[in-house]
Amino acid sequence: MTVDNETVRRIARLARIAVKDEELPPLAGELNAILGWVEQLNEVDIAQVAPMTSAVQTTLKQRDDAVTAGHIPDDILKNAPETELGFFVVPKVVE
Amino acid sequence: MSDLIELDLAAARDGLRAKEFSAVELTEAYLAEMARGEALNCFITQVPERAVEMARASDGRLADGTAGMLEGIPLGIKDLFCTKDVLTTAASHILDGFTPAYESTVSANLWGAGAVLLGKLNLDEFAMGSSNETSYYGGVVNPWRRKDDDAPLVPGGSSGGSAAAVAARLCLAATGTDTGGSIRQPGALTGTVGMKPTYGRCSRWGIVAFASSLDQAGPMTRSVRDAAILLQAMAGHDTMDSTSVDRPVPDYSAALTGDIRGLRVGIPAEYRVDGMPPEIEKLWQAGQQWLRDGGAELIDINLPHTKYALPAYYIVAPAEASSNLARYDGVKYGLRMPGKDLIEMYENTRAEGFGAEVKRRILIGTYVLSAGYYDAYYLRAQRVRTLIAEDFRAAYDKVDVILTPTTPGPAFAIGARTDDPISMYLNDVFTVPANLAGLPGISVPAGLSESGLPLGLQLIGRAFDEETLFRAAGVLEQAAGFAARPQTWWKD
Amino acid sequence: MSIEEIYDAKHDAGGELIAGATGDWEIIIGMEVHAQIASRAKLFSGAPTDFGGEPNDHVSLVDAAMPGMLPVINNFCVEQAVRTGLGLKAEINLYSVFDRKNYFYPDLPQGYQISQFKYPIVGRGEVRVDLPDGGTRVVRIERLHLEQDAGKSLHDQHPSMSYVDLNRSGVALMEIVSQPDIRSAEEATLYLEKLRTILRYLGTCDGNMQEGSMRADINVSVRKPGTSLGTRCEIKNVNSMRFIRQAIDYEARRQIDILEDGGEIHQETRLYDPGKGETRAMRSKEESHDYRYFPDPDLLPLELTQPWVDDIARGLPELPDEKKARFIDAFGLSPYDASVLVAERETADFYEAVARGRDPKIAANWVITNLFGALNEIGKTIAESPVSAEQLGSLLDLLADKTLSSRLAKDVFEIMFETGDDPQKIVEDRGLKQVTDTGAIEAAIDRVMAENPDKVEEVKAGKDKLLGWFVGQVMKATQGKANPQIVNEMLRGKFDL
């Protein structure tokens with residue numbers, strides 16, 4: 001499984017990170033080095049092993065159905081780069 | 001009053017309670033040190049006025065008898081903890097100008113106990129790094145230098161600002177977070193105590209997430225006792241964190257009995273890695289002898305899957321990070337870079353806002369989760385993680401704690417390893433397994449390298465058995481008698 | 001034959017076909033219904049779920065994905081998902097997992113949606129849909145899982161910008177996924193109506209489509225009967241019964257036209273445009289998605305116990321199918337009347353209150369014909385009915401004890417509907433009581449006979465048919481209050497018939 005420039009471009013697109021053409025080969029090289037290094041996990045016999053679901057032995061915590069938050073629009077919006085009429089504002093989305 | 005900064009947390013607390021000095025005096029002593037320590041680049045944000053205000057309030061409570069357990073203690077907070085109305089950056093450009101409307105549970109616990117905020121400490125960007133060189137705000141410089149060499153060294157990472165600030169006496173103690181060794185490794189590289197509690201012991205609520213299944217906050221201090229006191233205040237159940245565990249917080253200081261007779265200490269064969277410097281091996285041997293002298297029983301154990309911990313970690317952590325960092329999109333907070341449409345705005349914002357190491361990890365994480373690769377990478381890594389946890393479980397049938405070196409070597413020069421990500425990752429080879437298994441670990445300064453730099457020994461304990469860990473660490477600390485201090489060159 | 005094939009064969013038999021230039025086509029429809037759980041707070045936060053509100057007011061720090069915020073699940077929502085699963089006769093999975101579905105969109109503040117991918121809380125079940133021809137379509141449920149709703153993007157407020165409101169962000173949804181067992185636009189709406197009825201019986205979702213509490217993604221494909229499934233297109237987020245019908249009809253016709261022109265269908269996500277009455281490909285979904293699902297590390301697996309599930313099962317209300325069967329068996333209602341009465345739990349409860357201790361068929365007739373008719377006319381629901389079940393019951397009692405004739409009863413009902421008064425009061429106030437006093441009736445008969453000697457002669461001469469005329473005259477003379485049966489009997493006595 002080697003990563004080529006096209007794969008880096010696709011992954012960067014999925015991750016929404018702009019990558020210039022000249023950045024692709026070094027990134028591909030770095031990713032390949034890391035992926036090559038983690039290949040050693042293939043030596044491990046995992047056939048009978050369940051994946052870890054949590055580092056703690058406990059049960060899922062639950063909350064009651066009570067309204068305990070909200071009504072803080074100023075706090076929600078105060079760090080936003082652009083707002084208008086109480087909304088977040090983003091470049092137009094075409095559906 | 002510059003001698004005030006020589007008091008450790010326990011002593012400062014006693015002095016405050018005895019009214020030998022005021023909280024304002026203590027805080028001002030540290031503010032002065034911070035001002036003289038700018039060359040270390042420990043702080044991203046300093047809040048002197050707020051600190052004095054908090055200290056004044058502490059003096060009021062000390063006077064009227066309502067003092068908390070950390071009343072008047074000036075702390076540095078790693079800039080990964082959200083602090084209400086104080087800039088919180090995660091050392092990333094992408095969080096430009098972000099001032100949270102909320103306080104992390106851990107820092108809120110500290111303020112509730114009376115502690116004073118001095119400022120927000122530098123770190124690797126989003127806690128991704130082992131040398132503090134990935135911070136958007138520039139690297140932290142280790143207060144320690146090799147003997148007869150002025151070359152600046154890294155303090156370790158990611159909690160490098162915390163470690164360096166504690167080592168240089170710019171704060172009395174600090175908080176850190178540890179995802180793969182980010183408390184213990186910089187602790188070892190700066191001659192300070194770094195403690196990562198059991199996963200679930202401290203709430204993650206309000207701490208900028210890196211890898212959710214691994215992140216855990218902990219204390220960074222000058223002594224084991226200080227670590228016990230600070231953790232006492234930080235820890236506790238939080239109904240806002242589904243992975244926080246509902247267990248009472250014991251009196252950790254009370255565990256420091258100095259008595260480890262009969263304690264069974266495991267020495268894992270697999271930590272004797274290829275190419276380990278002789279001075280590390282020597283230190284490890286010394287540590288074993290100290291514990292044996294204290295009456296502990298040393299037992300050889302095996303943790304067979306140790307060598308797979310680091311590669312498993314470098315799948316799991318980037319995978320979780322790639323998802324955790326998706327929220328930084330230029331819409332709700334932080335940096336926004338313009339683009340001709342929404343997608344370009346996203347892509348430009350994230351390209352500009354994240355540094356090289358963060359991008360590298362997001363790309364790796366995105367790749368290992370993408371269609372067709374999930375089973376081969378992520379699922380496999382999580383299965384290996386199960387095996388690593390089982391190794392520890394089996395070992396703890398035979399032993400009570402495990403002793404290992406904290407790092408494979410001392411602090412290295414700034415820039416020495418930035419070209420090779422994997423050689424950088426190898427710094428965490430001894431610390432990562434405890435994160436994967438969720439276990440508590442502590443690094444205790446135990447000696448100096450041939451070049452005159454501090455080295456640490458690590459103890460790893462059973463889940464939620466921080467008490468035994470502190471007890472053994474206290475004995476180790478006592479026996480090692482580590483008293484070396486860096487030259488205060490930054491004050492010149 | 002596999003179970004799938006048996007179902008297929010059954011469906012082929014019942015399918016409604018569309019004529020094309022090259023022969024008949026069959027529509028194959030599967031639906032993914034998003035039903036909002038009727039909870040006070042959101043799935044993973046304490047923010048309110050109320051409809052509307054100022055923008056970004058019903059938003060917590062968690063819903064806005066502030067750094068370091070963590071989800072904690074609402075236990076009521078878990079219980080509602082299990083209740084719904086039980087109501088759909090589905091398997092409840094005691095172990096389920098919350099996954100992150102990763103994609104970027106401005107109304108998805110976390111950059112991922114917490115959903116359930118590999119291990120949903122509810123597995124296979126079924127919904128039985130009554131068809132107009134009297135048959136039943138069994139629509140198999142593939143799964144039900146819990147997930148977060150997204151916020152809302154407004155695109156028409158500004159020429160070059162979109163506005164984002166996170167009020168809905170994090171609201172608890174149940175996604176109910178059906179097998180492709182639906183065969184026409186009408187069946188699709190009947191399925192959705194039936195699902196809505198079940199959810200409303202259970203109280204797990206209010207079913208309010210206008211407020212977006214129920215939305216459907218519709219998977220449509222077409223095929224020649226007996227051939228294998230064609231390529232499907234998904235029509236996203238349709239939120240009214242009428243649009244569902246229109247969207248399916250349009251989409252099926254579009255696909256048939258393409259196929260008959262020798263083209264092929266591309267699997268894609270489409271949007272229904274109610275203004276134009278057509279579907280179009282969604283531009284934002286053009287890129288093939290790779291959602292990178294993985295278990296949410298902020299949450300542990302959700303583990304339930306069988307006794308807890310059993311407890312919920314014991315607390316379930318009688319569901320529409322069982323109620324309908326009971327109405328047919330115990331009350332002797334027609335399947336049609338029973339279906340109408342069980343469509344809403346309130347209606348069924350109303351009917352049962354009226355029918356208790358009375359003739360169930362007469363009660364059904366009055367509820368369906370008179371009450372529903374009157375409510376429909378003024379556009380009110382059963383909950384807003386000016387006539388209560390007790391009042392309607394008393395009216396039926398007056399009918400049964402012959403205080404009122406059925407004609408008088410209808411008059412009284414109209415007054416009740418207008419005034420909300422009890423029937424007894426109306427009868428007394430207006431003297432509408434049926435006259436059963438034979439003396440008064442005899443007097444009226446005598447008067448009518450005396451006034452019409454010629455007609456009397458005709459009857460005596462054998463013209464029996466005129467008897468009806470006499471009944472009518474006597475009723476008129478008593479302002480309709482005489483008991484027509486007594487009038488009839490007494491007249492026959494007078495004429496020795």
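Quick note on labels: first sequence line is chain A, next is B, and so on, each numbered from 1.
Of all the listed residues (A:T68, A:L77, A:T58), the one sharing the greatest number of non-hydrogen pairs under 4.5 Å with chain C is A:T68. Between chain C and the residues A:R63, A:E84, A:K61, A:E82, the most heavy-atom pairs under 4.5 angstrom are made by A:R63. By number of non-hydrogen pairs under 4.5 angstrom with chain C, the leading residue of A:L60, A:V67, A:D65 is A:D65.
In this structure, a donor-acceptor pair under 3.5 Å is absent between the side chains of C:N239 and C:R215. Side-chain contact check for C:Q80 and C:T204: no donor-acceptor pair (N or O, by modelled atom type) lies under 3.5 Å.
If you measure heavy-atom distances from C:L61 to chain A, the contacts under 4.5 Å come from both the backbone and the side chain. Residue contact with chain A, scored on non-hydrogen atoms closer than 4.5 Å, involves the backbone of C:S160 exclusively. At a 4.5 Å heavy-atom cutoff, the contact between A:L85 and chain C is made by backbone and side-chain atoms alike. No part of C:P297 comes within reach of chain A, as not one of its non-hydrogen atoms sits under 4.5 angstrom from that chain. If you measure heavy-atom distances from A:T83 to chain C, you find no contacts under 4.5 Å at all. When heavy atoms are compared at a cutoff of 4.5 Å, C:P295 does not approach chain A at all.
With salt bridges taken as basic N to acidic carboxylate O contacts below 4.0 Å, none links C:D107 and C:K152.
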Which donor-acceptor pairs under 3.5 Å do side chains of residues 46-55 of chain A form with protein atoms, sequence neighbours excluded?
from	atom 1	to	atom 2	distance (Å)
A:S54	OG	A:V56	N	3.1
A:S54	OG	A:V56	O	3.2

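C:Y291 and C:H289 have parallel rings, their planes meeting at less than 30° on a 0 to 90° scale where 60° marks the start of perpendicular. Ring-plane geometry between C:H58 and A:H71 is classed as perpendicular, the angle between the planes exceeding 60 degrees on a 0 to 90 degree scale with a lower cut at 30.
Within 6.0 Å of OH in C:Y119 there are 12 or fewer heavy atoms belonging to other residues, nucleotides or ligands.
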